[in-house]
Amino acid sequence: MSTGPVVSLRGAVSLLGRFPALAGADLDVQPGEVVLLQGPNGAGKSTLLRLCAGLAPLSDGSATVLDLDLASRSDRRRVRTRVGLLGHATSLYDELTVQANVEFWTRGLVDSDDLDAVMDRLGVGGRLRDVRVGALSAGQRRRTSLSVLVARRPQLWLLDEPHAGLDAAGRDLIDDLVRQAADQGATAIVASHESDRVEGLATRVVNVVGGQVFDAD
Amino acid sequence: MLTDARAIALKDLRVEAASRVLTAQVLPFGMLVLILFGFGIPPDRRVLAAEGDVSRSVLEQVAPGLFWLAVLFSALLAVNRSFAVESVDGNLDALKLVGFDPAGIFLGKAAAIAVQLVALEIVVGIGAFLVYGPPLGDVILLVATVAATTLAVAFAGIVYGALGAGQRLRDTLVPLLLLPVLAPVLLAATRATESALFGPSSSGWPWVGFLGAFSLLYLGAGIVSFGSLLEEA
Amino acid sequence: MKTEVVGTGSRGTRIVGSIALVLTALLLLFGLVLSPPEISQGDAVRLFYIHVPSAVVSLYIAFGVTLVGSVIYLKNGSVFWDLIAGAAAEVGVLFLGFALITGMLWGRPTWGTYWTWDPRITSTAISFVLFLGYLAVRRLDLDPVARSRRAAVLGIISFFNVIIVRFSVQIWRSLHQGTTLNPADTQMDNSMLFSFFLGMLAMVATFAWLLMHRFRLAWIEHQLEEDRLATAIAARRGEASTFNPGTI
Amino acid sequence: MGWQYTIPGYLIVFGGLAIYIAFTLRRGKRLAEQLPPERRRFLD
């Protein structure tokens with residue numbers, strides 16, 4: 001394992017269509033850090049997370065994630081499988097049950113006992129397993145989506161407003177999960193408006209404004 | 001690749017089985033098109049068949065073409081649906097994130113579409129026999145034609161469906177791109193079916209060969225290009 | 001070398017353009033005045049001198065350039081070849097449109113109908129739509145790299161689609177006996193052959209000239225797009241200066 | 001015989017070409033003016 005930064009952006013530009021959502025972002029994240037992204041709506045937080053996940057295009061500048069170069073197509077593919085992104089979308093099939101969704105998205109790569117434990121911990125085990133996702137509440141959907149992420153044990157967690165739509169217990173659960181992952185050596189970048197809550201969790205806070213990253217003072 | 005393909009195909013089929021879009025919307029659409037052709041083409045008019053000494057109703061004579069047109073239009077709906085399922089909740093991104101092999105995604109989606117098309121063809125085909133009343137000549141040739149056409153439509157359909165994936169204009173773009181591509185398929189399938197129904201079988205088999213070659217070509221194109229197509233979707 | 005640059009013109013385009021103009025003038029002179037009418041087709045044969053060349057230039061040269069440009073673009077990501085592919089396809093579609101119209105106009109006096117299910121005309125019509133679709137994909141509102149890659153894949157597949165369509169229609173029609181007058185049977189004397197030859201040269205030169213201009217237009221658009229992007233990035237970065245952390 | 005089809009054919013083709021050329025050249029000229037001369041260089 002290299003001990004270099006997990007994420008390293010230099011002048012990264014990312015275009016959403018023709019709009020520069022990221023306009024020259026610089027950011028270094030060291031292993032084990034939990035970085036909180038703060039900033040107004042439309043500042044580029046989501047695009048920053050998607051760039052780190054290998055989804056948003058790197059249009060200019062340089063970016064490496066987990067020592068892989070995001071400018072390279074094959075590296076980008078490798079990055080995707082090693083990070084866990086919880087975005088605005090939950091990426092679930094409404095027509096399938098919770099269990100079927102989780103099994104499909106973990107691709108049989110996760111030990112089924114592990115999977116059961118994760119689902120139980122996230123509160124989507126038990127009788128919820130056989131419920132179609134379309135019938136779930138927004139919070140339950142997010143928990144289902146999150147259980148896929150947790151079960152895949154990503155090296156880098158990218159969470160976009162993870163607390164949105166969750167009840168108090170769910171929010172605490174998220175904090176516990178992130179803390180635990182960090183203890184086990186994972187790194188996390190969290191975009192959140194709930195700075196009070198995340199500040200206790202974060203090892204560092206940065207501001208994202210105008211498609212750039214600034215150190216918060 | 002094949003494991004991924006299997007997972008994707010099963011998932012797509014389970015989603016379709018649960019949503020019943022095929023049975024509740026696509027099938028009725030296909031049947032409706034069959035009936036509507038009867039309004040456009042006078043059902044009582046008769047023509048002399050190419051063989052010379054037989055006369056048939058116009059509808060019966062053109063039944064193979066009408067059947068494949070109905071299948072083609074329904075297939076457009078199915079292709080659109082196959083990618084709509086992935087765009088509603090950002091699933092296309094998630095498919096990339098969990099590391100599915102693009103070629104596997106292509107094969108899986110094509111297989112799922114092929115299964116749905118076969119179901120569609122059986123039902124609409126029975127409908128066409130009932131409504132247009134053509135004779136049934138060479139069953140083996142007919143089955144081979146249906147199989148080869150299904151693969152051709154499925155492979156080409158998924159390649160072009162991916163071209164429009166994640167686009168606001170998908171609904172109009174995909175038919176514009178796909179229909180001219182499938183024109184030779186329609187032509188070959190219709191000729192082969194004509195031979196299977198009215199004979200002679202010998203003139204149908206070359207068209208089946210053409211359909212097979214077309215399928216292989218798009219199978220290759222899909223496996224090679226699907227990564228590029230999905231990459232920046 | 002001192003080259004005055006106005007718009008998309010340059011010394012190179014002016015040379016090619018002059019050649020195209022002279023050849024076109026000669027084509028009009030020989031095609032419409034100096035060559036005789038054909039025995040069975042009459043003066044409609046003159047449509048031939050532009051119909052066949054524009055179809056050949058479009059299907060084989062223009063779409064061939066699109067194929068080559070798309071392949072090179074996918075290989076090394078060169079914007080130059082991406083724009084060449086797009087420019088060739090646009091001019092190719094224009095020429096194919098001409099081939100369609102002149103083909104139909106030629107069919108009316110010769111076959112008695114504007115449209116026959118002649119393999120050439122039929123496959124030309126379908127190819128026309130195929131490449132209209134390609135041009136539509138080039139106009140999608142995507143990030144430029146994504147759009148170019150999709151277009152390149154489509155450009156390659158479309159070229160082969162043209163061949164497939166042509167092939168299938170050809171077998172289909174050859175099964176039906178008596179497809180009227182075959183254009184290849186046209187009786188041509190030397191002045192008619194010469195007109196035809198002139199038509200080929202004129203269309204090739206015109207295509208080359210248009211391709212240069214159309215590519216340069218695309219190149220300028222690309223440059224302006226980069227400028228616009230630079231401005232947009234600067235504007236985006238400017239949002240930070242008005243940012244007040246207290247307002248989150 | 002046939003002139004009534006030949007003439008429109010030639011008119012459509014060369015007229016169409018003229019329109020396309022005029023459109024392309026004018027657009028090229030207009031857009032080129034927005035670029036500084038040193039960036040108008042093409043690969044010839």
Side-chain angles (χ1 to χ4, degrees), chain C residues 3 5-13 17 20 24 27-28 31-32 37-38 40-51 54 80 87 90-91 94-95 97-99 101-110 114 203 206 209-210 212-221 223-224 226-227, chain D:
Chain C
T3 306
V5 179
V6 180
T8 48
S10 69
R11 225 175 67 153
T13 60
T24 304
L27 165 67
L28 292 176
L32 293 180
E38 206 248 6
S40 55
Q41 300 165 25
D43 293 302
V45 76
R46 302 177 196 283
L47 281 168
F48 239 63
Y49 311 142
I50 48 176
H51 166 73
S54 53
F80 172 84
E90 186 178 300
V91 181
L94 180 77
F95 275 48
F98 292 155
I101 292 169
T102 50
M104 288 167 73
L105 284 171
W106 180 78
R108 183 75 178 92
T110 334
Y114 285 107
M203 284 297 175
T206 308
W209 182 68
L210 273 175
M212 290 166 90
H213 275 289
R214 185 62 187 84
F215 161 72
R216 288 169 183 198
L217 175 57
W219 184 256
I220 291 174
E221 282 169 342
Q223 300 287 323
L224 288 174
E226 292 208 320
D227 284 4
Chain D
M1 174 195 109
W3 279 111
Q4 71 269 40
Y5 300 103
T6 306
I7 296 295
Y10 272 76
L11 281 179
I12 289 170
V13 169
F14 290 103
L17 266 178
I19 292 170
Y20 181 78
I21 290 167
F23 182 81
T24 306
L25 291 187
R26 266 186 48 193
R27 193 169 152 76
K29 209 167 199 172
R30 196 164 53 81
L31 292 184
E33 279 162 10
Q34 300 175 26
L35 270 184
E38 67 274 12
R39 286 184 55 203
R40 281 183 220 160
R41 293 184 41 215
F42 308 102
L43 288 124
D44 59 25

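Side chains included, hydrogens not; waters and symmetry mates left out as well; all remaining heavy atoms used. Each chain gets a letter, A, B and so on, in the order its sequence line appears, and its residues count up from 1.
Distance CZ/C:R216 to CG/D:L25: 11.5 Å, rounded to 0.5 Å. Rounding to the nearest 0.5 Å places CG of C:L217 at 9.5 Å from CZ of D:R30. Here the CG-CD1 distance, from C:L94 to D:I21, works out to 9.0 Å after rounding to the nearest 0.5 Å. Annotation: the span from C:R214 atom CZ to D:T24 atom OG1 amounts to 6.5 Å, rounded to 0.5 Å. Expressed to the nearest 0.5 Å, how far OG1 of D:T6 lies from CD1 of C:I50 amounts to 8.5 Å.
Looking at C:L47, the atoms closer than 4.5 Å to chain D (heavy atoms on both sides) sit in the backbone and in the side chain alike. When heavy atoms are compared at a cutoff of 4.5 Å, C:T24 approaches chain D solely by way of its side chain, counted from C-beta outward. The contact between D:Y10 and chain C is made by backbone and side chain atoms together, counting heavy-atom distances below 4.5 Å. Proximity to chain C (any heavy atom under 4.5 Å) is shown, for D:L17, by both the backbone and the side chain.
Contact check for C:L27 versus D:F14: side-chain heavy atoms found under the 4.5 Å cut-off. Taking 4.5 Å as the limit, every side-chain heavy atom of D:Q4 sits out of range of all side-chain heavy atoms of C:D43. Side chains of C:L224 and D:L31 form a contact here, defined as non-hydrogen atoms less than 4.5 Å apart.
With sequence neighbours excluded, no residue forms a salt bridge (Lys or Arg N to Asp or Glu O under 4.0 Å) with C:E226. For C:T102, the side chain to side chain donor-acceptor pair (under 3.5 Å) criterion is met by C:H51, not counting sequence neighbours.
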- request: Mind running side chain to side chain contact (heavy atoms under 4.5 Å, CB included) on C:R46 and D:Y5 for me, showing each step along the way?
  value: CA-CA 10 Å; C:R46 302 177 196 283; D:Y5 300 103; over 6 Å; no
task: Take C:L32 and D:W3 through the side chain to side chain contact (heavy atoms under 4.5 Å, CB included) test and state the conclusion after the steps.
output: CA-CA 10 Å; C:L32 293 180; D:W3 279 111; 4.1 Å; yes
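Scanning all heavy atoms of the two residues, the minimum distance from D:A32 to C:I220 falls at CB-CD1, 3.7 Å.
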